[in-house]
Trainee: 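Before I ask anything, let me first share the structure, which is written out below as structure tokens.
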Amino acid sequence: MINITFPDGNVRQYEAGTTAMDIAKSISHGLAKKVLSAKINGEVWDATRPIHEDATLQLLTWDDKDGKMTFWHSSAHLMAEALEALYPGIKFGTGPATDGGFYYDVDTDGHTISSDDFPKIEAKMQELARQKNEYVRKPISIDEAIDFYKEKGDEYKLELLEKRREEGADITLYQQGDFIDLCRGPHVPHTGYIKAIKLTKVAGAYWQGDENRQQLTRVYGITFPKKKELDLYEKMIEEAKERDHRKLGAELELFMFSERVGQGLPMWLPKGNQLRDRLMNFLRVEQEKRGYKLVTTPHIGKKDLYVTSGHYEKYGEDSFHPISTPREGEEFLLKPMNCPHHCEIFAHRPHSYRDLPLRIAEFGTVYRYEQSGELHGLSRVRGFTQDDAHIFCTQEQLKGEFLNVLDLTKTVLAKMGFEEFTAQISLRDPETPEKYIGSKSNWEAAEQAIIDATKEAGLNTVTELGEAAFYGPKLDFMVKDALGRSWQLGTIQVDYNLPDRFELEYVGADNETHRPVMIHRAPFGSMERFISILIEHTGGKFPLWLAPEQFAILPISDRFNEYAAKVEQELAQHDIRGFVDDRGEKVGRKIRDAEVKKVPFMLIVGEKETENGTLSVRKQGDGDVGTMTVAEFAAYFQQQS
RNA sequence: GCCAGCAUAGCUCAGUUGGCCAGAGCAGCUGAUUUGUAAUCAGCGGGUCGGGGGUUCGAAUCCCUCUGCUGGCUCCA
């Protein structure tokens, strides 16, 4: 007998060789039906794999992330089986589960697979799923595996096997139906678990993620244990399309691009610019409260500046090349960062420790060469404005400054209606120290300061090794939007490198010179990217204080235009902004247009209202909310914001 | 940058296997209508079919190329 420890701490005895599925059945059949795989001693196993020793056990279902991953990984195998049936001779790269489904990289041997082929592939997958073929785990020696793939002629799998040989890893194959794949597993018990299937996209992907190697075809899909879940998923995709900031940006006239101006160079239209301005003003006020000083620096700087900062060496080739003066040939770069300029500001006079921390902020517009294929609406552009600041402080002040920034960021996110967020701590990859500059002790001190500050601020954190910048560790805020999607927003980065390169110093209480520490931080990240996320989060229904137009006054006929104009002025006195729709249209039409433009309040004025000095108030998306005087509406408005 | 796909009026889209002056709805303009909670009616204007080159008697339609866009990959100071 073996002891199985359950997540609640209970221990039960089972016969050696039992499986997670048997155990689930012993608890309840309803549960057993839902089990996809199981965590045995922290490792995810097939639910049907025998357990021979004492173990902790956690049954995994669709509700567990690992359960989903098992399900999708099995789905990738199912798709591979279908592809092999439809395209004989096809070769396989890797086919993992992802956060939102799965994919398989294939070498189609000259065939092209396009989305037109999806129905055919989906149908084949359905057919194979209905056969309820078991996923059979087959431990095998590496030589046998190599022989198998040599015969099959799949050089990708052979390469993977060679790698495994170096690692000395155990090899397993999994078979379902006629399809055999090199795989660690685990898998769901049989293909019948996969009920709803949808292939989502097809794209090129480099073998092993290396752009110098063969490009394979990556087919993406998603599957569900129930048809209903697929329907929900498709609804979510539809909703995301409706909220796409590129679509809403055009419809609401927030921003535009022009082929003539250039790719990735957004231009803000009046309404979008108002929104952007309000966000910046909000942040200006919050920063002023926290001791920041605003500065303004030019859009270009001498090449030497970036040679000093080290950016030229690292990014010179892959950024916009220098522009030069006509006579002297002196070279300037469009600034890709504000920090070198800010370092010069710090260095313009000697500093005492009494000056620190010095917090220099700027809404700095920067230009970066992004590969053309990377550009995407406002979220990835070549010219954008960072809500940047650099804090110069002493080593001892580091944690306090971090807490100050965390407080600012939390204030900003809360104000924007992002309820859920986590902080990602990015540290060095201990395996590749050569990728980072700066001393080991500095790195350790900085990493510890971040960890301590986030703990003290009570943040939810995840830690990622190897995600640090080359000059220091960082903390990124990941927010969840209204559709449950995660986005990376603001960032806080410690930098021991630039102060060194710019030889920044201050005089301490000991009358010795010391090197300050520098913190880069941007709560929004960039105005462009932040607004793109805000648009999708709100679906264009911005918080009242940000709405470009807060009301539309809709006169029933032009006889009431005069009263409407008067109301507009009165509301302006209350700092409520909007416009009068005095077109010769019916109210129904005016309401529709205001609804589509997502104007928060529609104020209908006709005979009754003009006589009584009132407004008939309609709320966007909600409909009629009753009649009130201008003063009453102003009060109602304040209470709503 | 790479792979795949797309580009027809301001917007959303029709346009059969190459073949009459390239269409519709919305938006715009003009006029009529004076309107009560999501689209009033009529008329008019608007396109070198993304740019360039080629094949053909003939190209929006086929080929090449450039530009831009979309989805991934790689990258992201």
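In what follows, chains carry the letters A, B, and so on, assigned in the order in which the sequence lines appear, proteins first and then strands, with residues in each chain numbered from 1.
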Trainee: Residues two or more places apart in sequence or in another chain: which of them pass side-chain hydrogen bond (donor to acceptor under 3.5 Å, both in side chains) with A/K201?
Mentor: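 None.
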
Trainee: Does the distance from a Lys or Arg side-chain N to an Asp or Glu carboxylate O, for A/R213 and A/E159, drop under 4.0 Å?
Mentor: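 Counted as a salt bridge, because a side-chain N and a carboxylate O are separated by less than 4.0 Å.
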
Trainee: What string of B, S and - do you get for nucleotides 34-47 of chain B 5' to 3' if you count protein non-hydrogen atoms under 4.0 Å?
Mentor: BBBBBBB-------

Trainee: Could you tell me how far B/G5 sits from B/G43 if I compare only their P atoms? Round to whole Å.
Mentor: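 Nearest-Å result for B/G43 against B/G5 at atom P: 44 Å.
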
Trainee: Less than 4.0 angstrom from a charged side-chain N to a carboxylate O is my criterion; do A/K597 and A/E253 meet it?
Mentor: no

Trainee: Using a cut-off of 4.0 Å on non-hydrogen atoms, how would the nucleic acid contact of A/Y471 be classed: base, sugar-phosphate, or nothing?
Mentor: sugar-phosphate

Trainee: How does protein reach along nucleotides 5-11 of chain B, written 5' to 3' as B (base within reach of a heavy atom under 4.0 Å), S (only sugar-phosphate), or - (no contact)?
Mentor: -------

Trainee: Is the distance between the ring centroids of A/Y233 and A/F224 less than 6.0 Å?
Mentor: yes

Trainee: C1' atom, B/U12 versus B/U74: distance in rounded Å?
Mentor: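 Straight-line distance between the two C1' atoms is 34 Å.
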
Trainee: Side chains of A/E536 and A/W487: is there a donor and an acceptor less than 3.5 Å apart?
Mentor: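 Result is no, nothing qualifies.
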
Trainee: Pick the C1' atom in B/G50 and in B/U70, then give their distance to the nearest Å.
Mentor: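 Nearest-Å result for B/G50 against B/U70 at atom C1': 15 Å.
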
Trainee: Only counting residues at least two apart or in another chain, list the ones meeting salt bridge (charged side-chain N to carboxylate O under 4.0 Å, His left out) with A/K335.
Mentor: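 Only A/E362 meet the salt bridge (charged side-chain N to carboxylate O under 4.0 Å, His left out) criterion with A/K335.
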
Trainee: Rounded to whole angstrom units, what separation is found between the CG atom of A/L216 and the P atom of B/A4?
Mentor: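 For the pair A/L216 CG and B/A4 P, the rounded distance is 13 Å.
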
Trainee: Using the ring-ring contact (aromatic ring centres under 6.0 Å, His included) criterion, which residues pair with A/F402? Sequence neighbours excluded.
Mentor: none

Trainee: May I have the distance from A/D476 (atom CG) to B/C76 (atom P), rounded to whole angstrom?
Mentor: 14 Å

Trainee: Can you check whether A/E238 reaches A/K241 side chain to side chain, under 4.5 Å on heavy atoms?
Mentor: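 Yes, close enough: below the 4.5 Å cut-off.
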
Trainee: Might you confirm whether atom CD of A/E562 has over 12 heavy atoms from other residues, nucleotides or ligands at distances under 6.0 Å?
Mentor: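 No, the 6.0 Å shell around CD holds no more than 12 heavy atoms from other groups.
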
Trainee: In whole Å, measure the gap between the C1' atoms of B/U48 and B/G53 for me.
Mentor: 15 Å

Trainee: Please measure how far the C1' atom in B/A7 lies from the corresponding atom in B/G51, and state the result in whole Å.
Mentor: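 Per the computed distance, 12 Å lies between those C1' atoms.
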
Trainee: List the residues meeting side-chain hydrogen bond (donor to acceptor under 3.5 Å, both in side chains) with A/E568, not counting sequence neighbours, and say none if there are none.
Mentor: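 Once residues adjacent in sequence are excluded, A/E568 has no partner under the side-chain hydrogen bond (donor to acceptor under 3.5 Å, both in side chains) criterion.
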
Trainee: For a quick test of reading the model, state the closest non-hydrogen atom pair linking A/A552 to A/A594 and the distance between them.
Mentor: CB-CB, 4.3 Å

Trainee: Please work out the stems of RNA chain B from pairs that are Watson-Crick or G-U wobble with both distances under 3.5 Å, keeping only runs of three or more consecutive pairs.
Mentor: B:1-7 with B:67-73, B:10-13 with B:23-26, B:28-32 with B:40-44, B:50-54 with B:62-66

Trainee: In B/S/- notation, 5' to 3', how is nucleotides 64-72 of chain B contacted by protein heavy atoms closer than 4.0 Å?
Mentor: ---SSSSBB

Trainee: Just how far, in rounded Å, is C1' of B/C76 from CD of A/Q386?
Mentor: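 My rounded result for the distance is 12 Å.
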
Trainee: Of all of residues 247-256 of chain A, which get a heavy atom below 4.0 angstrom from RNA chain B, listed by number?
Mentor: none

Trainee: With sequence neighbours left out, which residue pairs that include part of residues 382-393 of chain A fulfil the side chain to side chain donor-acceptor pair (under 3.5 Å) condition?
Mentor: A/R276-A/T385, A/N338-A/Q386, A/N338-A/D388, A/H342-A/H390, A/T365-A/T385, A/H390-A/H520

Trainee: With sequence neighbours excluded, what pairs up with A/D244 under the salt bridge (charged side-chain N to carboxylate O under 4.0 Å, His left out) test?
Mentor: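 Residues passing salt bridge (charged side-chain N to carboxylate O under 4.0 Å, His left out) with A/D244: A/R246.
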
Trainee: Please work out whether the ring planes of A/Y156 and A/W207 are parallel, tilted or perpendicular, with thresholds of 30° and 60°.
Mentor: perpendicular

Trainee: Above 12 or not: heavy atoms from other molecules or residues under 6.0 Å from CD of A/E503?
Mentor: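 Count not over threshold, so no.
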
Trainee: Measuring only the C1' atom in each nucleotide, how far is B/G10 from B/G46? A whole number of Å is fine.
Mentor: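 The answer is 10 Å between these two C1' atoms.
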
Trainee: On a whole-Å scale, what distance lies between the C1' atoms belonging to B/G45 and B/A27?
Mentor: 13 Å

Trainee: Is there any side chain to side chain donor-acceptor pair (under 3.5 Å) pair reaching into residues 465-478 of chain A, and which pairs are they, with sequence neighbours excluded?
Mentor: A/Y471-A/Q493, A/D476-A/Q488, A/D476-A/T491

